[in-house]
Amino acid sequence: MVHAIITGTGSALPPRRVANDELATRLDTSNAWIRERTGIAARRIADPGTTTGDLATEAAARALEAAGLEASAIDLVVLATATPDRTFPATAARVQARLGITRGPAFDIAAVCSGFVYALTVADSLLRSGQGSRALVIGAETFSRLLDWDDRATAVLFGDGAGAVVLEARETPAGASPRGILAARLHADGRHEELLYVDGGPGSTGTVGKLRMAGREVFRHAVHNLAGVVDELLAATGLPIAAIDWVIPHQANLRIIEATARKLGLPMTRVVVTVDEHANTSAASVPLALDAAVRDGRIRPGDLCLLEAMGGGFTWGALLLRM
Ligand code: ACO
């Protein structure tokens with residue numbers, strides 16, 4: 001049987017770090033409020049000339065280096081973003097070209113904060129169906145461009161960045177315990193659009209929009225949906241929560257991460273948290289956190305990892321993989 005294995009991770013963050021105190025100089029907010037309600041201390045904000053594609057290319061190059069592969073070995077590029085460089089072509093195609101890859105499919109996935117879990121699931125399916133042997137899967141965003149900088153309830157929550165993985169198809173010998181992506185579950189429920197959306201944007205409306213959110217309602221749905229999809233995934237695989245070595249959650253808010261962990265009976269010592277320094281980077285948050293924990297040695301080969309995310313749409317999903 002073929003499984004898709006992560007053989008390299010990489011990430012990229014803009015150099016400009018914006019601490020809560022800096023935001024408090026131009027918004028009616030405070031470091032104490034932001035820390036207590038969200039766990040966020042700072043976020044990285046891209047310079048005006050830096051695009052999602054720039055961050056994605058940098059993260060992808062690092063993932064390739066970690067995997068020990070040349071870009072020419074890549075058969076497929078899947079990029080999750082809600083902030084593409086242009087309406088078209090897909091940012092994945094721009095990244096592909098900049099890395100010097102000239103073959104294989106390249107496309108974007110729009111599932112907002114769940115985008116990376118969606119993208120990994122799609123890439124896994126394509127590799128296992130024989131559409132190639134090696135994929136680059138990227139989550140990249142410049143969410144700062146979508147923010148209404150006069151709205152304190154949303155402007156303090158988000159940041160920019162990118163994370164990437166190299167996914168390689170490998171044959172698992174009969175009887176051997178598989179590595180790689182073991183199972184995934186994805187969901188969407190479009191009825192809740194008014195709770196989290198951008199009020200315009202490129203394409204059919206011909207306008208440029210800003211992010212709008214009913215934070216308290218989103219919070220409630222997030223904990224319910226995330227705990228539900230993790231339960232569903234564990235039931236499908238027959239694994240107990242105690243078997244999970246690391247949870248790499250979407251980094252929206254420390255309180256959502258803690259409430260979900262509590263609901264699942266999971267100690268926070270097994271949860272990777274980067275929201276304090278990255279804030280919510282939407283599709284980039286899970287691969288950024290994964291790369292951080294791989295590079296600092298917490299996540300090791302053989303560890304069982306659970307990725308989970310929820311975002312605008314609503315979309316949500318969870319994925320189980322053995323590193
Ligand atoms: N600084 C100071 N006060 C603020 C700020 C701020 N930055 N933002 C809001 N407030 C005020 C509100 O105006 C309100 O004041 P009022 O009582 O005088 O009306 C008060 O704080 C409480 O506001 P609430 O929105 O009820 O605060 P809550 O405790 O729900 O926290 C938050 C708000 C942090 C947005 C929370 O609801 C949340 O995290 N929701 C999840 C949203 C999220 O993470 N979305 C990301 C995308 S979806 C996802 O990734 C899962």
Side-chain angles (χ1 to χ4, degrees), residues 18-43 80-83 110-118 139 141 143-144 146-161 163 186-190 192-199 209-230 247-261 263 271 273-276 278-289 307-318:
V18 177
N20 293 340
D21 280 336
E22 186 179 337
L23 292 184
T25 62
R26 51 184 155 117
L27 279 172
D28 181 15
T29 189
S30 66
N31 178 41
W33 192 96
I34 302 169
R35 285 298 282 259
E36 187 194 319
R37 300 290 177 118
T38 71
I40 296 167
R43 72 285 296 139
T81 190
T83 48
V112 205
C113 301
S114 315
F116 187 73
V117 175
Y118 267 62
E141 303 276 16
F143 242 60
S144 59
L146 293 180
L147 298 178
D148 174 352
W149 286 101
D150 294 325
D151 177 14
R152 67 177 181 175
T154 54
V156 303
L157 301 177
F158 296 91
D160 301 332
L186 303 177
H187 291 283
D189 183 348
H192 305 294
E193 179 176 344
E194 296 309 311
L195 298 181
L196 179 57
Y197 66 105
V198 171
D199 60 1
K210 295 292 174 209
L211 182 143
R212 307 292 171 206
M213 181 175 71
R216 192 160 282 210
E217 284 80 359
V218 172
F219 191 112
R220 195 170 48 78
H221 281 280
V223 175
H224 174 79
N225 289 344
L226 289 171
V229 73
V230 171
V247 176
I248 302 100
H250 169 49
Q251 310 282 322
N253 179 317
L254 184 60
R255 284 160 58 218
I256 294 180
I257 295 172
E258 286 175 343
T260 308
K263 216 166 168 179
V271 181
V273 175
T274 53
V275 70
D276 50 339
H278 298 167
N280 182 347
T281 56
S282 181
S285 94
V286 170
L288 272 168
L307 280 49
E308 43 99 324
M310 140 102 189
F314 289 139
T315 56
W316 66 103

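As the structure lists them, so they are numbered: ligands from 1, and atoms in each ligand from 1. Residues take their numbers from the sequence shown, with the count starting at 1.
Residues satisfying the side-chain contact (heavy atoms from CB on, under 4.5 Å) criterion with Ala214, sequence neighbours excluded, are Leu195, Glu217. Legend: residues meeting side-chain contact (heavy atoms from CB on, under 4.5 Å) with Asp21, ordered by chain and number and at least two apart, are Asn31.
Taking a 6.0 Å sphere around NE2 of His192, one finds it holds more than 12 heavy atoms contributed by other residues, nucleotides or ligands.
Note: Arg35 CZ to Leu254 CG = 9.5 Å, rounded to the nearest 0.5 Å.
A side-chain hydrogen bond (donor to acceptor under 3.5 Å, both in side chains) check over residues 250-259, counting only residues at least two apart or in different chains, returns the pairs His250-Asn280, His250-Ser285.
Using cut-offs of 30° and 60° on the angle between ring planes, the pair His187 and Trp316 is parallel.
Pocket lining of ligand 1, defined as residues with a non-hydrogen atom under 4.0 Å away: Asp28, Thr29, Trp33, Arg37, Thr38, Cys113, Arg152, Ala153, Val156, Leu157, Phe158, Leu196, Met213, Gly215, Arg216, Val218, Phe219, His250, Ala252, Asn253, Arg255, Ile256, Asn280, Met310.
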